[in-house]
2 protein chains.
Amino acid sequence: MAMTVHRSLVAAVPMFAGMSEAEQDDILARASSRHYAGGTVVFEQGMLAENFYVLLSGRLRVTQTTAEGQQTIVRMVNPGDLFGIARALRRTDYPGTALAVIDSVALQWPMTDWDSLVEGHPRFLANTMLAMGQRLQEAHTRLQEFSTEEVERRVAHAVLRLANQGGRKEADGIRIDFPISKQDIAEMTGTTLHTVSRILTAWEKAGVVEGGRQKLLVREPHRLFLIAEGNQPGLL
Amino acid sequence: MAMTVHRSLVAAVPMFAGMSEAEQDDILARASSRHYAGGTVVFEQGMLAENFYVLLSGRLRVTQTTAEGQQTIVRMVNPGDLFGIARALRRTDYPGTALAVIDSVALQWPMTDWDSLVEGHPRFLANTMLAMGQRLQEAHTRLQEFSTEEVERRVAHAVLRLANQGGRKEADGIRIDFPISKQDIAEMTGTTLHTVSRILTAWEKAGVVEGGRQKLLVREPHRLFLIAEGNQPGLL
DNA sequence: CGGATTGTTGAGGATACTCAAGTTAGGTGG
DNA sequence: CCACCTAACTTGAGTATCCTCAACAATCCG
């Protein structure tokens, strides 16, 4: 269901930041847009990387599966994010699987256009490098959390990240506005859904969050932050 | 102890790959080289990022320290590696501390030259992006290890990485040819020096490695690989 | 030679995992 | 619209891994 795209749709997309309208048009002319229903796979780990993408709306989950079949969530893809840029890592296949967790729309370019975009549009290259820098920093932050923090704090950090990147303000807190299961949170924090369930139950009793089946509302972000920073006894 | 640098010294440095000699000379003209004795700090976490670097020889350890004072080793810097590129992450300070673990020589550029290098030398930008891509992949690999593997396997992976990146072949195995303490390995794998000591002792008894104070020789890389992949009962 | 850093080893205990059984919520089809 | 089925979640009990605490030994450096 490919179709061409107008500039106005990508005004706020970081990849196009600092570009002239003409330059944006030039790049968009090679793109097509595509809709992915919730639950649909955009690409799968190991697949030949034929396209790279920018998410316009919706939400994706990128996972990696080990040889033994264990899954980890590498990141959530939010609107405006680049994803599937295997070429930038000098790879010909996708290192992970991208799944639309809700209905999503993405722009796509054939990977064969990558080199000419990089060479012809220094702005594109610079913006891509910036995005990779941010991902690198987030990866380092998470590594430090894994190295030094116990499970409850890691879960607190993960939930805060979800709230920051994909949260919508509501009357009584910040709502994670896409379906997120305990299993998902477990795969982000390197624990089990059982432990996540116990932790969230304790937080819920203390009034910090409000759970539900694939639902999550952060009632008191500040207290969650205290738990994440370890300045709090811990509610478990 | 700054001084100018000749092209021949950087023939094998990835940052200069694919550049004409004239281009290399142009970039090198702005660099100075500096020697760091073993144990010396190149830059410290939080410091204003005034330079970026390429390591010519020696070995650095980059660490991050948490608010509570816990240290983690972000990476080892090997000859040829770019480091201290805070600017690429849109930071004005260094996110970690770089320490020379042995006598080392690095090229340095003032960070004020970064933008003009990036804009004037597309090759430099592309090579930098590639380096970041590799670091991002390594970070994801380590995250997956933290998420899914027990300590012994994580330590095995860390030792294999050390052997691959900083190993020298000897008669009876691969020697890590810079000083590495159990504490270092613990900070790479998110465990304690006690546990690392116990693991290495067990491996040593089985003839897989040979330890010593800040010394490490991998006698049987293949068996270590099996432990890392979990195809082995585990020697602990 | 003496002090400091690094490493070893043991005992005990806490965190979080596994195993197990059940409950709730939501979607599906009759 | 209700009954059923499945996926998501809850909760408990037992246990393994690994951490903490502690004391000591070895190695290096000045």
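The shown structure was predicted, so the numbers you read here are calculated from the model rather than taken from an experiment. In what follows, chains carry the letters A, B, and so on, assigned in the order in which the sequence lines appear, proteins first and then strands, with residues in each chain numbered from 1.
- Remark: aromatic rings of B:Phe83 and B:Phe52 are distant, center separation not under 6.0 Å.
- Straight-line distance from the CD atom of B:Glu152 to the P atom of D:dC19: 13 Å, rounded to whole Å.
- Considering only side-chain N and O atoms, B:Thr192 lies under 4.0 angstrom from the phosphate OP1 or OP2 of D:dC19.
- Applying the 4.0 Å criterion to OP1 and OP2 of C:dC17, one finds that A:Thr195 has a side-chain N or O inside that range.
- Rounded to a whole Å, the CZ atom of A:Arg153 is 11 Å from the P atom of C:dA16.
- Using a 3.5 Å distance cut-off with no hydrogens or angles, the side chains of B:Gln108 and B:Glu50 do not pair a donor with an acceptor.
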For this session: Assess whether side-chain hydrogen bond (donor to acceptor under 3.5 Å, both in side chains) is satisfied between A:Gln183 and A:Gln214, documenting all intermediate values.
Result: CA-CA 10 Å; A:Gln183 177 69 40; A:Gln214 303 207 357; over 6 Å; no

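- In this model, a donor atom of one side chain and an acceptor atom of the other lie less than 3.5 Å apart for A:Gln137 and B:Arg91.
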Exercise. Reading nucleotides 3-10 of chain D 5' to 3', which nucleotides get B (base under 4.0 Å from a protein heavy atom), which S (sugar-phosphate only), which -?
Worked result: ----BSSS

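- For the pair B:Ile199 CD1 and D:dT17 C1', the interatomic distance rounds to 11 Å; values are reported in whole Å.
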For this session: Take A:His157 and A:Glu229 through the test side-chain hydrogen bond (donor to acceptor under 3.5 Å, both in side chains) and record every step on the way to the result.
Result: CA-CA 8 Å; A:His157 273 122; A:Glu229 295 305 300; 3.3 Å; yes

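- Counting only heavy atoms from C-beta outward, the side chains of B:Val151 and B:Thr189 never approach each other to under 4.5 Å.
- In this structure, CD of A:Glu210 is placed 13 Å from P of C:dA25, rounded to the nearest angstrom.
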